[in-house]
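Here is the naming used below: chain letters follow the sequence lines, and residue numbers restart at 1 for every chain.
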Protein chains: 2
Amino acid sequence: MARIKILEYLTGTTDHPTVEMIYSRLLPEIPTLSKTTVYKTLELLVEANLARLLHMDENEARFDANVSDHGHFRCSRCGKVYDFEADLDSLETKGLEGFAVAEKNLIFKGSCPRCRTDRSGRIRG
Amino acid sequence: MARIKILEYLTGTTDHPTVEMIYSRLLPEIPTLSKTTVYKTLELLVEANLARLLHMDENEARFDANVSDHGHFRCSRCGKVYDFEADLDSLETKGLEGFAVAEKNLIFKGSCPRCRTDRSGRIRG
DNA sequence: TATATAATTGTAATGGTTACATCTTGGTAA
DNA sequence: TTACCAAGATGTAACCATTACAATTATATA
């Protein structure tokens, strides 16, 4: 039950939520939900390749149900994480001869359009 | 003193060491060294753009004195982190119109040449 | 219904990191 | 030299995301 709700929520958002976000979001719906369940479920989803685990430069992990290869942009001011497309297949690399690449991660940082024009936001690093 | 030794060690290695690695490596040389100093110094180095903070899919941060844009490959079996060259400037992206990109991070995962031919290694995720 | 297995929960421990107060070092001026 | 100040370094304790573990609840199958 919790398992299905978590997957549903994850596939229905592009927010790249943290465990805390998922937990507090689903708590009203599932009052018995525990954080341990959220952790455990996400671990299973990642193993089953139904979700991707993202380590941005934060102390909290994020999760993404979009399993296809794409880039992530994290706004240093508002902290929001955006998806973007990147042609990683045709990226030229040197020094990976003999390596077996299983997963590619592309992370950009900077300021998102909203924060670039908004001077009022607090800088969150 | 500690500050200089830490920077020297970092610039002289391609191991992408963790705080623990730096600490235990320099302890014989600086018996009074504390981990707090290592943390603090690395924070300063990153702010001064003399080092880069790397968040691989681990629970420990890694540090790299190579500040230029390049990719990082982490072997899922032995845990070692390798550098590789990648032409990030000519990478085609879509969906970043209006974004100000300040930093680019490219992280690959898989098996390194040594681990691919070595069946004895323990899998470390 | 009974029973086995999977799913969920709660508590406590783990471990990297940070806050904070203290102590030491190095340089500068009188 | 001595006094003094600021930067550098240290140690302890707190913080917090995550994990381990044991116990409880739900689900399915015979």
Side-chain angles (χ1 to χ4, degrees), chain A residues 1-11 15-48 50-64 72 74 76 79 81 107 122-125, chain B residues 1-10 15-48 50-64 72 74 76 79-81 107 122-125:
Chain A
M1 197 79 261
R3 195 167 293 195
I4 292 168
K5 292 277 186 192
I6 291 171
L7 179 56
E8 274 179 6
Y9 171 47
L10 203 58
T11 52
D15 278 352
H16 312 86
T18 64
V19 166
E20 176 62 38
M21 287 163 73
I22 297 171
Y23 174 71
S24 55
R25 167 64 185 271
L26 293 180
L27 195 55
E29 239 179 296
I30 315 170
T32 61
L33 184 65
S34 88
K35 244 178 219 177
T36 304
T37 303
V38 180
Y39 275 105
K40 191 83 183 133
T41 300
L42 288 169
E43 185 188 328
L44 292 173
L45 292 179
V46 169
E47 276 172 16
L50 291 171
R52 283 277 286 272
L53 167 65
L54 307 179
H55 276 105
M56 317 301 285
D57 282 1
E58 303 168 301
N59 51 351
E60 262 177 300
R62 288 176 177 267
F63 294 87
D64 190 354
H72 291 110
R74 176 170 186 272
S76 304
V81 175
I107 297 170
R122 182 153 31 122
I123 296 176
R124 299 199 210 171
Chain B
M1 200 76 258
R3 196 167 292 196
I4 292 167
K5 292 277 185 191
I6 290 171
L7 179 57
E8 274 179 5
Y9 171 46
L10 204 56
D15 279 352
H16 313 85
T18 64
V19 166
E20 176 63 38
M21 287 162 74
I22 297 170
Y23 174 70
S24 55
R25 168 64 186 269
L26 293 179
L27 194 56
E29 237 178 299
I30 316 169
T32 61
L33 184 63
S34 88
K35 245 178 217 175
T36 304
T37 302
V38 180
Y39 275 106
K40 191 84 183 131
T41 301
L42 289 169
E43 185 188 328
L44 292 173
L45 292 179
V46 169
E47 276 172 15
L50 291 171
R52 283 278 285 274
L53 166 64
L54 306 179
H55 275 105
M56 317 301 285
D57 282 1
E58 304 167 299
N59 51 349
E60 261 178 299
R62 287 174 176 269
F63 294 86
D64 189 354
H72 292 110
R74 176 171 185 271
S76 304
K80 211 188 263 190
V81 175
I107 297 169
R122 183 151 32 120
I123 296 178
R124 300 199 208 171

B:Tyr39 vs C:dT18: side-chain N/O to OP1/OP2 distance below 4.0 Å | no

May I ask you to evaluate whether B:Thr37 reaches the phosphate of D:dT10, defined as a side-chain N or O under 4.0 Å from OP1 or OP2?
-> yes

[X], nearest nucleotide to its side chain (from [options]):
X	options	answer
B:Val19	D:dT10, C:dT17, C:dT9	C:dT17
A:Arg3	D:dT10, C:dT9, C:dT8	C:dT8
A:Ala61	D:dT18, D:dT10, C:dT11	D:dT18

Any chance you could measure B:Thr41, atom OG1, to B:Lys5, atom NZ, to the nearest 0.5 Å?
->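 Going from the OG1 atom of B:Thr41 to the NZ atom of B:Lys5 covers 13.5 Å.
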
Please round to the nearest 0.5 Å and tell me the distance separating atom CZ of A:Arg62 and atom CD1 of A:Ile22.
->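 Interatomic distance, A:Arg62 CZ to A:Ile22 CD1, rounded to 0.5 Å: 10.5 Å.
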
Tightest non-hydrogen contact, residues A:His55 and B:Glu58, listed as NE2-O, 4.1 Å

Mind listing the closest non-hydrogen atom pair of A:Asp57 and B:Leu53 along with its distance?
-> OD2-O, 4.2 Å

Give me the one residue out of B:Leu50, B:Asp64, B:Leu42 that meets side chain to side chain contact (heavy atoms under 4.5 Å, CB included) with B:Leu10.
-> B:Leu42

Output the rounded distance in Å from [atom1] ([X]) to [atom2] ([N]).
X	N	atom1	atom2	value
A:Leu44	C:dT8	CG	C1'	12 Å
A:Leu45	C:dA7	CG	P	12 Å
A:Leu33	C:dA7	CG	P	15 Å
B:Met56	C:dG16	CE	C1'	17 Å
B:Asn59	D:dT19	CG	C1'	10 Å
A:Leu42	D:dT18	CG	P	10 Å
B:Leu53	C:dT18	CG	P	9 Å
B:Lys35	D:dA9	NZ	P	18 Å

At under 4.0 Å between heavy atoms, what does B:Thr32 touch on the DNA or RNA strands: base, sugar-phosphate, or nothing?
-> sugar-phosphate

Closest to the 5' end of DNA chain C, once B:Glu60 and B:Met1 are matched to their nearest nucleotides, is B:Glu60

